[in-house]
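Hydrogens, waters and symmetry mates are skipped; everything else that's a heavy atom, side chains included, is used. In this text, all values refer to a predicted model and were calculated from it rather than measured experimentally.
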Amino acid sequence: MSYLKLRRNAGLALMMALLLPILAACGGSTTPSTSSNAPAATEAPAAQAPAEEATEAPAEGAEAPAEGASETPAGDIGEIPPAGPQGGLSKNGDFLVASVSSCDVDGYAGIFKEIAAIDSHTVQFTLCNIDPAFEAKLAFAAFQIHPSEYIVATGGTGDLIEKPIGTGPWKFESWNRGDSIVLVRNEDYWGEKPAFERLVIRWSTEAAQRLLELQSGNVDGIDNVGTEDIDVVKNDPNLQLLERPALSTFYLGLVNTSGPLQDEKVRQALAMAIDKQRIVDNFYPAGSSVANYFTPCTLDHGCSGEPWYEFNPEAARELLAEAGYPDGFDIDLSYRDVVRGYLPQPSQVAQDIQAQLKDNLNINVNINVMESGAFIDAANAGKLEGMFMLGWGADYPEVTNFLDYHFGASSVSFGTPYEDIVENLRKGASLATFEERDPFYVAANNAIREHVPMIPIAHGGSAVAFAGDVENANTSPLGNERFELMTPGARDTFVWMQNAEPTGFYCADESDGESFRICQRVSESLLSNEVGGTKPVPGLATECTPSEDLLVWTCKLRENVKFHDGSAFDANDVVMSYWNVWDASSPYHVGRTGDFTYFEALWGSFMNAK
């Protein structure tokens, strides 16, 4: 039996909801309410198969520290691994220090020089160069803090991915693969505790199905209301619609190592052959716009430089003929059939691009629909061929989040990185003022336009919907719903339906929004974002202040904060959580895929990378 059938019945519902995890642990089974699948522990979930046995949370208090442990840093992580050629982890008394031997050590191009626990509740970051987005990055869910002992005990994988232990307002209870994820209220949370007991996350790739579940009272909120359903929600007195400000980009990726796309003229021809306005008009909701740059213009430097090519199929045909393809060619177009704010109707858009390229350039497009997790992993690893449809929603409101991740030295989604783009991004990211940075972003955006690693198509507006009796409903441009601040009427369970099943909950090694939504509720970063907005605010750190030269940041940590297993949070946990991802030679640098794409893209590079 699923939570869908139980949640509205009072006494019996509560009893059964409490018994279900116990029955599952004893070998009992439940009937799934959604048909989706999940494979083995470290693989992305496949679609349309029966739910597997639930993954249960670790027992509360397991290996908890002795009474009074909060007074002393948690140092029981075993023997410190030997340092690599560029640096590593060490101890200064009881406190951990992660560092490189020098910012100029051969092969290292990272931002971090040292991350040190100064005392039990102070962490100091020493940088190799200025990072104007430093605070915004500290608030990002890819850089959350985990118990040092748990990282060691899990080997940096396994339960760390599937049974997360954090400090957040929600504790992980179970992952009922193919059906739902169940979180329970953290009664020991340091901040404001949720008003209800359980948060259940379900998913469906179909916007119409999500709306039907909301209208039927089976869920309390849904993500990404379908374009054609927005007016339906607005006109329903039992529902409420919250529009999410557009801070995203949908693009058509072009892999420069793949067939005809190796020729820059071919990529430029494709850029001129797609009528982006037609796509926005036909498949996007109000509030969306054509993308003339990769980064939304609301962000500084996002629209510095020349705008994108105008729609000009005649000029496109001439360029394609010059490149030696007057009669077109065959090419693959890969995507995942998952609704996102940047792509509300993926199948229809794919078919429209297919039709436009056939009509305008005689290019035969073979559409390849992939399972969501496998598609994201392949895109991040540079394993896709031809063209692919993807997009980006802001993780933090800074141009580096859009450009560095996609076009920096470590990005291989579009094939071989472009050196002139990489160099201008590196210089722009290391300066402090708008005036100093802007010339490099003008050059970077112009180089992106020239090389066409992708075609920016749309900045998509999106919306979420809630039951009418949900109080304090909220969303944000970052797609970060703060469920713990909401109240679902008199119900003790809140059910949210999103677009797809998460791939894992160790978000240092994830890149999909479905996983991040769970991570943000269970675990926490040093800083957070204001409710409904993007401004960095205190999180596990009460403050992070820079030195005069902006190269040293000192973060003061909250005291008396506990992880869900009862262990105390301290400065060593911060150093360990960052070092484990930063140091490619760490024995715990494993994760789900081992890519840790966000860290390398946003902090410059790993230390000790092979």
Side-chain angles (χ1 to χ4, degrees), residues 111 131-137 139-143 244-254 276 288-308 340-343 376 379-380 388-414 417-418 420-431 434 437-438 440-462 476-480 511-513 516 529 534 536 597-604:
I111 291 176
D131 185 353
F134 184 78
E135 289 180 285
K137 292 178 184 178
F140 183 30
F143 311 125
R244 185 182 284 149
L247 200 57
S248 65
T249 301
F250 163 57
Y251 62 84
L252 180 67
L254 307 176
K276 299 189 286 188
S288 304
S289 62
V290 166
N292 287 316
Y293 297 83
F294 185 79
T295 307
C297 292
T298 51
L299 301 182
D300 285 350
H301 315 293
C303 296
S304 298
E306 294 296 317
W308 206 254
R340 304 291 291 165
Y342 55 72
L343 184 55
I376 292 296
N380 288 340
F388 62 94
M389 298 193 327
L390 237 177
W392 192 253
D395 302 306
Y396 57 87
E398 227 278 339
V399 68
T400 55
N401 183 228
F402 280 80
L403 297 186
D404 290 29
Y405 183 89
H406 292 88
F407 309 108
S410 64
S411 176
V412 294
S413 293
F414 308 125
Y418 300 86
D420 51 347
I421 301 176
V422 170
E423 184 62 16
N424 280 297
L425 293 182
R426 185 188 66 78
K427 292 177 179 176
S430 64
L431 299 169
F434 180 93
R437 301 176 76 196
D438 199 55
F440 296 105
Y441 288 109
V442 168
N445 283 328
N446 286 345
I448 291 170
R449 183 183 186 276
E450 175 187 355
H451 298 312
V452 197
M454 54 79 236
I455 301 169
I457 293 178
H459 300 306
S462 64
S476 83
L478 306 179
N480 180 8
S511 62
D512 68 293
F516 278 108
N529 296 107
T534 60
T597 52
Y598 271 116
F599 191 97
E600 189 173 23
L602 301 181
W603 296 119

> Which atom pair, heavy atoms only, marks the closest approach of S248 to G393?
Replying inline: CB-CA, 3.8 Å
> If you look at every heavy atom in A291 and A458, which pair is closest and at what distance?
Replying inline: CB-N, 3.6 Å
> Atom CZ in F414, atom CG in L390: separation rounded to 0.5 Å?
Replying inline: 8.0 Å
>> If I compare all heavy atoms of F388 with all of S413, which pair ends up nearest, and what's the gap?
In response: CE2-O, 3.5 Å
> Please, which pairs that meet salt bridge (charged side-chain N to carboxylate O under 4.0 Å, His left out) have at least one residue in residues 450-462, sequence neighbours excluded?
Replying inline: none
> Could you state the interatomic distance from CD1 (I421) to OG (S411), rounded to the nearest 0.5 Å?
Replying inline: 10.0 Å
> So do M454 and L252 actually touch side chain to side chain, heavy atoms under 4.5 Å?
Replying inline: no
>> So that I know where these two stand, are Y342 and H459 an aromatic pair - ring centroids less than 6.0 Å apart?
In response: no
> Looking at OG1 of T534 and CG of L478, how far apart are the two atoms once the value is rounded to the nearest 0.5 Å?
Replying inline: 6.0 Å
> Quick check, are the ring centers of W603 and F143 under 6.0 angstrom apart?
Replying inline: yes
>> With heavy-atom distances below 4.5 Å as the criterion, would you say the side chains of T400 and Y405 are in contact?
In response: no
>> Would you say that Y441 contacts F434 through its side chain, given a criterion of any heavy-atom pair below 4.5 Å between the two side chains?
In response: no
>> Checking D395 now: which residues fulfil side chain to side chain donor-acceptor pair (under 3.5 Å) with it, not counting sequence neighbours?
In response: N401, Y598
> So H406 and Y251, side-chain contact (heavy atoms from CB on, under 4.5 Å) or not? Walk me through it.
Replying inline: CA-CA 11 Å; H406 292 88; Y251 62 84; 3.7 Å; yes
>> Please give me the minimum heavy-atom distance between P417 and A409, naming the atom from each residue.
In response: CG-O, 3.6 Å
>> Are the side chains of I111 and K137 in contact, using a 4.5 Å heavy-atom criterion?
In response: yes
>> Nearest 0.5 angstrom please: R449 CZ to N292 CG, how far?
In response: 10.0 Å
>> Looking at every non-hydrogen atom in both residues, tell me the closest pair between R437 and P132 and how far apart they are.
In response: CZ-CG, 3.4 Å
> Could you give the distance from CZ (R244) to OG (S462), rounded to the nearest 0.5 Å?
Replying inline: 4.5 Å
> Can you tell me how far the OG1 atom of T597 sits from the CG atom of N380, to the nearest 0.5 Å?
Replying inline: 4.5 Å
>> If only side-chain N and O atoms count, and only distance matters, is there a donor-acceptor pair under 3.5 Å linking S430 with D131?
In response: no
> Can you list the steps and then say if D404 with R426 is a side-chain contact (heavy atoms from CB on, under 4.5 Å)?
Replying inline: CA-CA 8 Å; D404 290 29; R426 185 188 66 78; over 6 Å; no
I'd like a table of donor-acceptor pairs (distance under 3.5 Å, sequence neighbours excluded) in which one partner is a side-chain atom from residues 294-308, with atom names and distances.
{"unit_1": "H301", "atom_1": "ND1", "unit_2": "D438", "atom_2": "OD1", "d": "2.9"}
{"unit_1": "S304", "atom_1": "OG", "unit_2": "D438", "atom_2": "OD1", "d": "2.6"}

>> Between N445 and N424, is there a side-chain heavy-atom distance shorter than 4.5 Å?
In response: no
> Side chains of F407 and P453: closer than 4.5 Å at any heavy-atom pair?
Replying inline: yes
> Between W392 and F250, is a side-chain contact (heavy atoms from CB on, under 4.5 Å) present by the stated rule, with each step listed?
Replying inline: CA-CA 7 Å; W392 192 253; F250 163 57; over 6 Å; no
> Got T249 and Y293 here, is their nearest side-chain heavy-atom distance under 4.5 Å?
Replying inline: no
